[in-house]
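What you see is a predicted model, and the numbers here were worked out from it, not measured in a lab. Here is the naming used below: chain letters follow the sequence lines, and residue numbers restart at 1 for every chain.
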Amino acid sequence: MTDKIDQSHAMRHSLAHITASAVKKLWPEAKFGVGPVVESGFYYDIDLGSKKLSDEDFPAIEAEMKKIIAGNQAFERDEVPIDEAIKWSQDSMQPYKEELLNDLKRSGTTVAKELDPEQLGLPGGGNGQVDKVSFYKNGDFIDLCRGPHVASTGQVGVFKLTKVSGAYWRGDEKKAQMQRVYGVGFANQEELDKYLKMIEEAKARDHRKLGQEMDLFIFSDMVGSGLPLFTPRGTVLRDELAKFSNELRRAYGFEMVWTPHITKKDLYEKSGHWEKFGEELFLVKSQETKDELVMKPMNCPHHTRIYASQPRSYRDLPIRYLETTTDYRDEKTGELGGLSRVRAITQDDSHVFCREEQIGEEMNNLLAAARELYATVNMKLRVRLSYRDESDAYLGAKELWQSAQEQLKQAVVANELEYFEEEGEAAFYGPKIDFMATDAIGREHQVATVQLDFIQPERFALEYTASDGSKAQPVMIHCALLGSIERFLGVYIEHTAGKFPPWLAPEQIRIATIADDKSFVDFALDMAEQAKGLGLRVGLDVGRDSIGKKIRSAELDKVPYTVVIGKKEVESQKLVPRIRADFEVQKEHQPVGSQQFLQTVVNETESRISKTSL
RNA sequence: GCCAUCUUAGCUCAGGGGUAGAGCACUUCCAUGGUAAGGAAGGGGUCUCGGGUUCAAAUCCCGAAGAUGGCUCCA
């Protein structure tokens with residue numbers, strides 16, 4: 001297994017070199033950055049001066065690459081003293097390589113930030129002095145590189161250049177922007193085809209496309225970018241999801257609270273958000289007092305005010321607040337996308353205020369709630385323990401962090417959750433457990449989050465009276481199960497391809513008549529009334545279109561159940577519902593009375609199951 | 001915010017210096033139909049917006065807005 005990974009790594013990295021060789025051949029003035037391996041492929045950062053690459057250049061580059069591959073040039077490794085390497089970079093007009101080499105010479109690493117030198121295929125990553133570096137040569141192309149590579153260019157499998165985009169040199173937005181050419185590479189055509197098919201599938205499920213087709217949400221130029229408006233159908237999804245998330249926590253003693261959407265900025269200065277995120281806050285001005293307010297980007301500081309509004313005793317804790325509410329963040333335009341990143345973000349946000357010894361149980365409750373939610377929506381979960389790194393981007397004493405991080409890990413281990421640990425992913429006020437959910441086509445998305453926070457209680461001077469009469473500081477536990485309703489919906493639409501289970505389906509039952517015969521229509525109207533009386537969401541199609549067309553329309557709308565009403569149904573008073581293709585049908589379905597059918601759908605809705613018991 | 005590409009009817013898209021086209025959707029009429037499109041007719045567009053070039057701009061040029069793919073960021 002490891003060998004296979006190493007092999008595909010070497011192949012992809014070799015492809016990056018071949019891409020660079022080809023570009024160099026076509027545009028000899030090309031200056032190169034780095035060319036690492038990424039998921040399914042590779043990229044190479046290239047500075048071509050004023051020449052702008054586009055997809056239209058791919059055939060030429062690919063043709064050149066194929067020549068190099070056909071030539072089966074050996075990858076030859078060469079080790080040279082670093083000063084010689086620097087001279088090479090100057091002579092061959094490769095300023096980016098020169099910068100890397102100088103860094104390497106100075107500090108023993110090329111790593112500016114989180115870039116992993118191993119991933120970049122660069123030497124370094126260690127500490128101290130480096131006096132030799134390695135080069136790889138294929139044909140007449142030479143590149144600074146730590147390898148490994150395949151033995152020769154004929155051994156790279158199949159590839160395809162996929163896209164070109166801008167990328168900052170060394171990931172720094174203050175530095176020059178280069179052109180990044182992306183490609184994918186696989187051992188054989190079959191695997192490449194499989195990958196391309198997955199990309200097609202992802203496109204077909206794109207929540208922006210389905211949101212449009214299924215009439216779930218819209219964007220309006222007059223409202224603004226990053227500000228989705230939800231239609232009646234989309235709002236059903238939002239409300240049902242929020243209801244579920246709230247129910248899960250109410251069972252553990254959470255109480256609903258409500259807080260206003262604007263506030264004085266003092267609140268956020270106190271919490272630390274203003275300093276950290278000031279530029280991403282929307283400002284609101286009072287026309288009378290000229291006071292400047294902010295749109296809330298977060299709810300925790302507000303909830304601390306409710307906590308602090310009364311003296312609290314150790315007997316009162318834990319106190320658990322829950323609010324599903326919309327926050328506003330002035331995200332940069334280029335960062336917006338569909339529902340994944342919006343400026344009006346609705347969080348199913350909760351905060352526990354508890355004593356230190358209560359942390360374990362509270363965490364367990366929240367982890368259980370998260371597991372139940374993701375089991376219900378049929379997504380596999382694993383968690384990332386998001387720790388701080390050594391930078392100064394965090395508030396509070398390091399010992400506190402250490403203890404908090406350990407407690408999170410304990411809770412995760414005790415709950416037998418699959419986890420991995422990552423530094424530098426924490427919030428500025430505390431470490432997090434970030435839940436990653438895998439969707440139906442294997443992509444992982446960050447969804448729920450549970451965060452331990454000793455910092456805000458301190459900054460807001462929260463306290464309670466301990467059993468001995470002394471004042472003690474509570475701990476805060478932040479939690480959002482869906483994360484952001486908008487982002488969750490985006491993920492979930494793609495996970496299900498819009499085929500929502502009955503409990504979420506905006507339209508659960510479509511009643512279609514064979515013709516506009518009065519007896520058929522009366523039956524349909526009567527049944528629809530019954531369904532509405534039971535709280536079901538039902539759609540009627542009693543027009544003069546053909547039944548074939550009505551069925552097709554219900555299928556395209558992905559309605560779970562379609563009921564066809566004609567002479568047969570009116571006479572027998574029984575029906576055979578048409579069940580959407582993705583449902584698992586548990587038994588042979590026979591004609592049932594409409595009453596019985598509707599009751600089954602009610603049961604499925606209440607138990608939030610995604611199979612049909614018909 | 002940065003780089004690139006894109007923006008034509010409600011939707012999906014074709015066209016292209018001489019003032020617009022298809023399919024679906026919509027409306028009306030005919031057909032009263034049995035589980036993924038019955039037939040016909042009709043309505044619908046300042047070609048995203050603002051400037052410029054031109055006898056003439058939806059088409060070419062510049063700018064803005066919005067979208068998409070990345071980069072950067074993500075409480």
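Between A/His207 atom NE2 and B/A67 atom P there is a gap of 12 Å when expressed in whole angstrom units. B/G66 atom P lies 16 Å from atom NZ of A/Lys332, rounded to whole Å. Atom-to-atom, CG of A/Asp47 to P of B/A4 comes out at 13 Å; the value is rounded to the nearest Å. Rounding to whole angstrom units, CG of residue A/Asp517 and P of B/U32 are separated by 12 Å. Rounded to an integer number of Å, the gap from A/Asp45 CG to B/A4 P is 15 Å. Rounding to whole angstrom units, CG of residue A/Asp516 and P of B/C29 are separated by 12 Å. If you measure from atom CZ of A/Phe219 to atom P of B/A67, you get 7 Å, rounded to the nearest angstrom. Rounded to whole Å, the distance from CD on A/Glu335 to C1' on B/C73 is 4 Å.
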Please list, for nucleotides 23-25 of chain B, all pairs of protein and nucleotide N/O atoms separated by less than 3.5 Å.
unit_1 : atom_1 : unit_2   : atom_2 : d
B/A25  : OP1    : A/Lys549 : NZ     : 3.3

Pairs: protein N or O with nucleotides 41-47 of chain B N or O, under 3.5 Å:
none

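A/Phe32 and A/Tyr44 have perpendicular rings, their planes meeting at more than 60° on a 0 to 90° scale where under 30° would count as parallel.
Judged by distance alone, with hydrogens and angles left aside, A/Arg341 brings a side-chain donor or acceptor within reach of the base of B/C74, the pair sitting under 3.5 Å. Between the side chain of A/Glu555 and the base of B/U35, no donor-acceptor pair of N or O atoms lies under 3.5 Å. Residue A/Glu569 places a side-chain atom within donor-acceptor reach of the base of B/G34, judged by atom type and a 3.5 Å distance cut-off alone. With hydrogens and angles ignored, a donor-acceptor pair under 3.5 angstrom links the side chain of A/Tyr168 to the base of B/G1.
Residues A/Gln446 and A/Thr562 each lie close to RNA chain B; by heavy-atom proximity, the contact nearer the 5' end of the strand is made by A/Thr562. Closest-nucleotide positions on RNA chain B for A/Ala167 and A/Phe277 were compared, and the one nearer the 5' end corresponds to A/Ala167.
For B/G70, the base is not stacked against the aromatic ring of A/Tyr182, per a cut-off of 5.5 Å between centres and 30° between planes.
Listed nucleotides B/C71, B/C3, B/A67 differ in distance to A/Gln177; the shortest reach to its side chain belongs to B/C3.
OP1 and OP2 of B/C3 both lie 4.0 Å or more from every side-chain N or O belonging to A/Ser165. Taking only side-chain nitrogens and oxygens, A/Arg544 never comes nearer than 4.0 Å to OP1 or OP2 of B/U27. Within the 4.0 Å cut-off from OP1 or OP2 of B/G70, at least one side-chain nitrogen or oxygen of A/Lys163 is found. Between B/A36 and A/Arg578, a contact under 4.0 Å exists linking OP1 or OP2 to a side-chain N or O. Within the 4.0 Å cut-off from OP1 or OP2 of B/G66, at least one side-chain nitrogen or oxygen of A/Ser225 is found.
A/Arg233 and A/Thr231 share no side-chain donor-acceptor pair at under 3.5 Å. Side chains of A/Glu486 and A/Thr346: a donor on one and an acceptor on the other come within 3.5 Å. Checked by atom type, the side-chain pair A/Tyr268/A/Glu275 shows no donor-acceptor distance below 3.5 Å.
In this structure, A/Tyr429 has its ring center closer than 6.0 angstrom to the ring center of A/His478. Taking the six-membered ring for Trp and the full ring otherwise, the centers of A/Phe42 and A/His13 sit at least 6.0 Å from each other. Aromatic pair A/Tyr321/A/Phe353: centroids less than 6.0 angstrom apart.
Between A/Asp47 and A/Lys31, none of the side-chain N atoms (NZ, or NE/NH1/NH2) sits under 4.0 Å from a carboxylate O, so this pair counts as no salt bridge. Look at A/Asp45 and A/Arg180 and you find a salt bridge, because one of the NZ, NE, NH1 or NH2 atoms lies within 4.0 Å of a carboxylate O, short of that distance. Using a 4.0 Å cut-off between charged side-chain N and carboxylate O, A/Glu555 and A/Arg578 make a salt bridge. Look at A/Arg249 and A/Asp348 and you find a salt bridge, because one of the NZ, NE, NH1 or NH2 atoms lies within 4.0 Å of a carboxylate O, short of that distance. Contact check on A/Lys163 versus A/Asp55 returns no salt bridge, with no Lys/Arg side-chain nitrogen under 4.0 Å from an Asp/Glu carboxylate oxygen. Under 4.0 Å is where a charged nitrogen must lie from a carboxylate oxygen, and between A/Glu201 and A/Lys197 no such pair does.
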* For RNA chain B, what dot-bracket results from Watson-Crick or G-U pairs at under 3.5 Å, with [ ] for crossers and | for inter-strand partners? -> (((((((..((((....[..)))).(((((.......))))).....(((((..]....))))))))))))....

